[in-house]
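Contents: one structure, followed by commentary.
Given the structure is predicted, the values throughout are model-derived calculations rather than measurements. Every chain is numbered from 1, with letters handed out A, B, ... down the list of sequences.
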2 protein chains.
Amino acid sequence: MSQSSKPARAGRSRPTMRHVATLAGVGIKTVSRVMNGEPNVSSATIARVMEAAQSLDYQLDERAGNLRRADGRTRTLGLLVSSVDNPFSGTLHRAVEDAAQARGIAVFASSLDDDSQREKVAVNAFLRRRVDGLILTTISEDQSYLAPEMRHGTPMVFVDREPVGISGDTVISDNRGGAMTATEHLLNHGHHRIAYLGDRREIYTARERRGGFFDALGRAGIPTGGIPVIEDLHNEESATKAMLALLDSATPPTAVFTSQNLVTIGAIRALRSRGAHHTTALVGFDDFQLSDLLEPGVTVVAQDPQEIGRAAAERIIDRLDGDNCPARRCIVPTTLIARGTGEILPLIN
Amino acid sequence: MSQSSKPARAGRSRPTMRHVATLAGVGIKTVSRVMNGEPNVSSATIARVMEAAQSLDYQLDERAGNLRRADGRTRTLGLLVSSVDNPFSGTLHRAVEDAAQARGIAVFASSLDDDSQREKVAVNAFLRRRVDGLILTTISEDQSYLAPEMRHGTPMVFVDREPVGISGDTVISDNRGGAMTATEHLLNHGHHRIAYLGDRREIYTARERRGGFFDALGRAGIPTGGIPVIEDLHNEESATKAMLALLDSATPPTAVFTSQNLVTIGAIRALRSRGAHHTTALVGFDDFQLSDLLEPGVTVVAQDPQEIGRAAAERIIDRLDGDNCPARRCIVPTTLIARGTGEILPLIN
DNA sequence: GTGAAAGCGCTAACAC
DNA sequence: GTGTTAGCGCTTTCAC
């Protein structure tokens, strides 16, 4: 009774090159040549080998080849994002995948949930699998732990967030510039009392956007003393609460700048529930689906995650092709899209 | 001048176990034991080995271990979805990742864009890398080409779409039941002239949902002759055009059932542009972000991609643990969420 | 054109 | 406790 429950792999064992070679009556190296499309094999031999391989359902084992091959490449890339279940990461991921796929490279993805504990763990899991390169949205305080691996020649590209304690290729949105544009847009529409609703200050992009917001106020000569600032908002609920508190305060803002998607949506819910969505102006950082179908349409500073992913993948691939120029920094521009909420004028002044 | 531009990996070469063993003054097998946390090593030796490993920035090479290890596992899973840049796939992916990660398994993802050409290519890319299992959203007409690999013992779980020409573990939404529920909801609100807007008939879920729609009409004794049916809609634009055509026809429908996300949104755009969004009822299959913030809120039959991914990963992991019961079929229920558009009553009757 | 031998970095099996 | 040997499935090198 071999209906055993032993946890080993079921099914007949997998054929190897040696099996194919024996069946085809050739040497193992000839099979290798055929399977890899190398030259100097007679067409008759190719046919015999192919037939043998097919009849055994033989599939080349890339792992073994990687190990022995001169460059040692696994044709594999590791991608670290905040979560694969999130539109920004998804679009970035897709752009990376497209570039990788064109080169026969497969992509591992790992979600960190913006939890700095998980970053190092995920990086090491990829490194032990000998990925050829790493594209990472970092969250931990310091990336200097990556230096040894970088010296070993593993190319890395930092996306969306600037690395700390180490220099490396970086591809990020123009967070500061985008936030300034958003804020200036509100200023240009006559607002002086503009609230800032932001994400956790631990996150690089949140700090940059906050910086851009205050830069714009400063340039316009707005005293920042009375500006309402609520930070460390990381989900819709907390953003809704924060916005409600502002609306219920003695001097509610006439406009609000929200530094991130979930915060934008949370704020909109609050405005709706107070019936203030047609009277309080809002510009959000980062575009989102259906922002144009809401009433009023949501004015945003859109990022370009597709371009960020494309540029990062291109950088990694260039590095793999031997490019060893100094670390490069690529800033992807943002675009203000006026749809309604950002063009609401202040009621009184 | 060794500032050569040869495409080989830059940096000093990576240390191996042998290097660590030499530096620590022990045998290579002892290093292996330490790096893998195996017992029967004195704590003094452990300390010496760890120190040597750290000073060399040594990282275990899992590839080599996989090759030699008895079970031959790579601790890797391949996931095929329609696109990682799509909320349903993203949520499913995340659920798979969470289950895999808990077992030290890394996940490869590949987007097929519902292009049947790409399915086999992607599967083979994963198989050559010897993934331990495959979770696949199929699109090609026939999956019998997977049979040899299944016999070799690679567990596979089909998600979202039933396989053809082969039997295997399957996790899908209750497409037929959900579509029936949606249609009955509209019938219960007094609609008789309900249009069907559907995706490409090539896609399994589209056929099932269409089936459920007609089942419900049949049960209600509605003659299906005059029912407007427009199919092969795969994006917002085509759905908008289709809905506009219906609205502009001699006898526009009083309600519409849309079989998919993008179709739902496209139809809503059309209704808006004709000012019919408060008078034409709509129920969509599959929920989407902000469906509750639109005006009116969009009534949908929600799927549970998180549960689909979780169940699929659980199935794969059970198989890897030696479960060899016959192929199982898991139907994940759908939920009707009434938000407004589905409760609009017909104007005339 | 073809194949034999060595070896990629590791673990299995077994000896001490 | 620890080390030695063989070998995972393949590619490299080099001989013929």
Spacing between A:Arg18 atom CZ and D:dG7 atom P, to the nearest angstrom: 10 Å

B:Thr45 side-chain N/O to D:dT2 phosphate OP1/OP2 under 4.0 Å: yes

Minimum-distance nucleotide to B:Arg68 side chain [options: D:dT12, C:dA13, D:dG7]: D:dG7

Atom-to-atom span, CG of B:Asn66 to C1' of D:dG9 - whole angstrom: 13 Å

Position toward the 5' end of DNA chain D (nearest nucleotide), B:Ile46 or A:Gly65: B:Ile46

OP1 or OP2 of D:dT2 under 4.0 Å from side-chain N/O of B:Asn40: no

Phosphate OP1/OP2 of D:dC10 contacted by A:Tyr58 side-chain N/O (<4.0 Å): yes

Side-chain N or O of A:Thr30 closer than 4.0 Å to phosphate OP1/OP2 of C:dT2: no

Of B:Val31 and B:Arg69, the one whose closest DNA chain D nucleotide lies more 5': B:Val31

A:Gln59 CD to D:dG9 C1', straight-line distance once rounded to whole Å: 14 Å

Atom-pair distance (CG on A:Leu60; C1' on D:dT11), nearest Å: 10 Å

Of B:Arg315, B:Arg73, B:Arg103, the residue whose pairing with B:Asp321 passes salt bridge (charged side-chain N to carboxylate O under 4.0 Å, His left out): B:Arg103

Sugar-phosphate, base or nothing in reach of A:Arg33, heavy atoms under 4.0 Å: base

Nearest-Å distance for atom pair CG/C1', residues B:Asp61 and C:dT11: 12 Å

Atom-pair distance (CD1 on A:Ile28; C1' on C:dA4), nearest Å: 11 Å

Side-chain touch A:Glu38/A:Lys29, heavy atoms, less than 4.5 angstrom: yes

Any B:Ser32 side-chain nitrogen or oxygen under 4.0 Å from OP1 or OP2 of C:dC10: no

Aromatic ring pairing A:His93/B:His93, orientation class (parallel under 30°, perpendicular over 60°, tilted between): tilted

A:Met17 CE - C:dG3 P separation (whole Å): 13 Å

Minimum-distance nucleotide to A:Asn36 side chain [options: D:dT11, C:dG9, C:dT11]: D:dT11

Length of the line joining B:Leu67:CG and D:dA6:C1', which is rounded to integer Å: 14 Å

Given A:Asn86, A:Asp113, A:Asp85, the one that forms side chain to side chain donor-acceptor pair (under 3.5 Å) with B:Arg94: A:Asp113

Exceeds 12 heavy-atom contacts within 6.0 angstrom, atom CZ of A:Arg75: no

